[in-house]
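Written out below as structure tokens is the structure these notes cover.
As a basis for the values below, the full set of heavy atoms in this structure was taken, side chains included, without hydrogen atoms, waters or symmetry mates. The structure displayed is predicted, hence computed values, not measured ones. In the text below, chain A, chain B and the rest are named by the order of the sequence lines, each starting its count at 1.
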Amino acid sequence: MDKKVRVRFAPSPTGPLHIGGVRTALFNYLFARQNGGSMILRIEDTDSNRFVPGAEEYINEALQWLGIGIDEGVCEGGNYGPYKQSERRDIYRKYVKQLLEDGKAYIAFDTPEELDAKRKEIANFQYDAKTRGMMRNSLTLPKEEVDRLIAAGEKYVVRILIEPDQEVKVNDLIRGEVTVNSSVVDDKVLYKSADDLPTYHLANIVDDHLMEVSHVIRGEEWLPSAPLHVLLYEAFGWKDSMPQFVHLPLLLKPDGKGKLSKRDGDRLGFPVFPLEWHDPVSGDISSGYRERGYLPQAVVNFLALLGWNPGTDQEIFSMDELIKEFSFEHCSKKGAKFDFEKGKWFNHEYLINMDDAALAEIFKPELAKHGVDASQFSDEYITRSVGMIKSRISFVGDIWDNAKFFFVAPTEYAPKDIKKRWKEDTPETMRRLIEVIKGIDDMTSANAEEIVLGWIKDNELHMGNVMNAFRLTVVGECKGPHMFDIAELMGKDEIIARIERGIENIKPVVE
RNA sequence: GGUGGUAUCGUCUAGUGGCCCAGGACGCUGGCCUCUCACGCCGGAAACCGGGGUUCGACUCCCCGUACCACUACCA
């Protein structure tokens with residue numbers, strides 16, 4: 001009885017894909033994969049005024065980066081194309097005509113100015129059964145006049161004819177049945193002759209029907225127009241094959257009120273776009289998760305948990321696990337405030353659990369960016385160094401800050417650590433330490449540690465002071481991995497050289 | 001203003017009438033570990049919007065109020 005699952009993600013190419021849109025795409029994808037269905041990418045470019053060059057390419061690249069696969073679309077092809085609405089004019093024209101002929105819609109000549117005037121004149125003005133009798137349309141004008149106006153090239157729109165006082169029921173998989181009285185839905189514009197294009201509402205219904213979409217999974221902002229869509233399916237006589245509706249809760253601002261917007265990212269300092277976006281008109285650059293050093297799996301995982309939960313305590317999910325566990329029953333009805341700190345934590349988790357060698361590959365370009373020739377170091381050396389520091393980073397970009405000492409000897413030493421750990425007698429102690437290290441044959445971490453610590457103990461030196469001064473000369477500051485692990489990896493010569501440089505360059509802070 | 005939706009720790013959330021004097025996670029915080037910074041481990045503070053019902057029993061069901069969100073374009 002159930003038809004094949006076919007879902008669509010239908011963005012408008014009016015700018016970069018917003019993170020909320022990404023979440024919608026993700027849920028569509030998860031549901032499609034879970035049910036062995038198809039994921040369609042449809043470009044809704046029915047507003048010629050808002051077209052932005054590059055936006056469509058951006059959408060494709062972003063979805064690809066995140067691993068949200070598309071089965072049918074402009075790039076992928078498919079049997080239900082074209083997948084770009086601006087290329088479907090002929091189709092829409094045919095269905096507009098059908099509606100007109102069936103008396104389900106009518107032609108209206110009211111100009112935007114006339115409508116504005118009416119809205120000012122009448123409180124809560126709405127183009128509907130109560131008001132259309134006083135407007136300029138094919139219901140009030142004689143047929144000859146209508147024909148004359150059209151022939152004269154007068155711009156017009158086609159509006160749906162809504163029967164008042166009908167109970168319209170929208171069945172939503174997350175919210176249950178929502179009932180609205182048709183008297184509050186207006187005679188929406190379905191088609192505008194000015195650009196020979198339908199509006200979203202008409203195009204959406206026609207395309208979903210023709211593309212045999214089984215589930216319309218979209219943001220909650222569409223819920224208020226869902227009754228109109230139901231009425232459109234009825235007007236076309238497609239009620240029986242109408243798709244199942246699912247309205248996802250919105251992504252909200254972290255602070256304050258309202259939907260998450262581009263501005264919030266700028267204001268609060270986190271990306272609201274998956275990829276960096278260069279606005280072709282304003283030249284503005286908006287930061288992206290990818291460029292910020294996020295792993296796509298972490299972004300996906302984080303987004304999935306915004307509005308959905310597994311019903312268990314598990315929080316880390318691979319895409320495959322999400323596909324397996326996802327369900328609308330466990331989707332929240334409530335909008336979710338976007339919490340950047342939690343997103344950061346997810347990335348940290350993914351970085352920590354990442355294979356050291358894989359992380360090293362990601363890090364190599366960063367090395368080059370900082371003027372380090374990666375070929376100077378063996379893969380093993382790079383791999384082991386990132387392995388040692390990965391527990392203290394949240395982003396790919398943090399690797400360099402934490403691991404640079406493995407590749408470049410410190411030239412500056414942290415003043416606050418000098419103050420705390422570099423005393424008058426420290427240089428002498430460090431000279432003695434060099435002698436001790438020179439005597440170590442096997443620099444393996446545990447062995448070197450035993451010898452050095454034994455020396456500290458036998459000479460009744462202060463463990464914290466000696467070790468931190470040692471660390472200061474090698475790392476440049478008092479932080480980082482276990483000292484003897486560092487020493488093992490860098491080798492005896494390099495360690496001794498660094499201690500010598502430290503003795504020469506570090507001057508005690510005199511107060 | 002109108003219509004619709006939603007309402008559990010600061011945030012994401014579990015909870016589908018008794019298992020809840022409400023569980024997990026992020027963040028915050030005390031401690032342990034320790035040569036440092038992290039990680040890790042052990043602890044802590046922190047919530048059922050208000051009022052009426054229904055019921056032997058409500059975080060859970062109903063109603064009212066309140067708050068918040070969305071929509072209210074020839075944009076999507």
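- Under the 3.5 Å distance criterion, with hydrogens and angles disregarded, a donor-acceptor pair is assigned to the side chains of A/R8 and A/N204.
- Not less than 6.0 angstrom separates the ring centroid of A/Y294 from the ring centroid of A/F346.
- For A/E477, the salt bridge (charged side-chain N to carboxylate O under 4.0 Å, His left out) test picks out no residue, with sequence neighbours left out.
- Contact annotation: side chain of A/S12 to base of B/A76, donor-acceptor pair absent below 3.5 Å.
- You'll find a donor-acceptor pair under 3.5 Å spanning the side chain of A/K342 and the base of B/A25, going by distance alone.
- Between A/W222 and A/Y200, the distance separating the two ring centers is shorter than 6.0 angstrom.
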Can you give one letter per nucleotide of nucleotides 60-65 of chain B, 5' to 3': B if a protein heavy atom sits under 4.0 Å from the base, S if only from the sugar-phosphate, - if neither? ------

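- Of all nucleotides present, none satisfies the Watson-Crick or G-U wobble test against B/A14 with each distance under 3.5 Å.
- One finds no salt bridge joining A/E321 and A/K324 here, because no Lys/Arg side-chain nitrogen approaches an Asp/Glu carboxylate oxygen to under 4.0 Å.
- Residues A/F326 and A/F27 place their aromatic rings such that the two centres sit under 6.0 Å apart.
- The environment of A/E121 atom CD is dense: over 12 non-hydrogen atoms of other residues, nucleotides or ligands sit within 6.0 angstrom.
- Figure legend. B/C21 is base-paired to no nucleotide; pairs are counted as Watson-Crick or G-U wobble with both atom distances under 3.5 Å.
- Checking B/C71, B/U36, B/C69 against every side-chain atom of A/L250, the shortest atom distance belongs to B/C69.
- Between A/E114 and A/F109, the closest heavy-atom pair is OE1-O, 4.1 Å.
- In this structure, A/K155 reaches neither bases nor backbone, as no heavy-atom distance under 4.0 Å exists between it and the strands shown.
- Residue A/H348 has its side chain nearest to B/C39 when only B/C39, B/U13, B/C74 are considered.
- Across all strands shown, nothing is found opposite B/C35 as a Watson-Crick or G-U wobble partner with both distances under 3.5 Å.
- The side chain of A/R50 sits closest to B/C75 out of B/A25, B/U3, B/C75.
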With 3.5 Å as the limit, what N/O pairs link the protein to nucleotides 31-35 of chain B?
{"unit_1": "B/C35", "atom_1": "O2'", "unit_2": "A/N468", "atom_2": "OD1", "d": "3.2"}
{"unit_1": "B/C35", "atom_1": "O2'", "unit_2": "A/N468", "atom_2": "ND2", "d": "2.6"}
{"unit_1": "B/C35", "atom_1": "O2", "unit_2": "A/R471", "atom_2": "NE", "d": "3.4"}
{"unit_1": "B/C35", "atom_1": "O2", "unit_2": "A/R471", "atom_2": "NH2", "d": "3.2"}
{"unit_1": "B/C35", "atom_1": "N3", "unit_2": "A/R471", "atom_2": "NH2", "d": "3.3"}
{"unit_1": "B/C35", "atom_1": "N3", "unit_2": "A/M483", "atom_2": "N", "d": "3.2"}
{"unit_1": "B/C35", "atom_1": "N4", "unit_2": "A/H482", "atom_2": "ND1", "d": "2.1"}
{"unit_1": "B/C35", "atom_1": "N4", "unit_2": "A/H482", "atom_2": "NE2", "d": "3.1"}
{"unit_1": "B/C35", "atom_1": "N4", "unit_2": "A/M483", "atom_2": "N", "d": "3.0"}

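- A/H462 comes within 4.0 angstrom of nothing in the nucleic acid, heavy atoms only.
- Within the shown strands, B/U6 is the pairing partner of B/A67 under the Watson-Crick or G-U definition, both distances less than 3.5 Å.
- Contact annotation for A/N309: backbone-only contact, meaning every heavy-atom pair under 4.0 Å involves sugar-phosphate atoms and none involves a base.
- Nucleic acid contact class of A/G307 (heavy atoms, under 4.0 Å, all strands): sugar-phosphate only.
- Closest to the side chain of A/A336, out of B/C69, B/C12, B/G5, is B/C12.
- Checking A/D207 against A/Y83 by side-chain atom types alone, no donor-acceptor pair falls below 3.5 Å.
- Side-chain proximity of A/W345 to the nucleotides B/C75, B/A25, B/G1 is greatest for B/A25.
- Taking the six-membered ring for Trp and thresholds of 30 and 60 degrees, A/W308 and A/F317 have ring planes more than 60 degrees apart, a perpendicular arrangement.
- Annotation: B/A38 and B/C33 have their C1' atoms spaced 12 Å apart (nearest Å).
- For A/R159, the listed nucleotide lying nearest its side chain is B/C74; candidates were B/C12, B/C75, B/C74.
- Looking at heavy-atom distances under 4.0 Å, A/D110 makes contact with a base.
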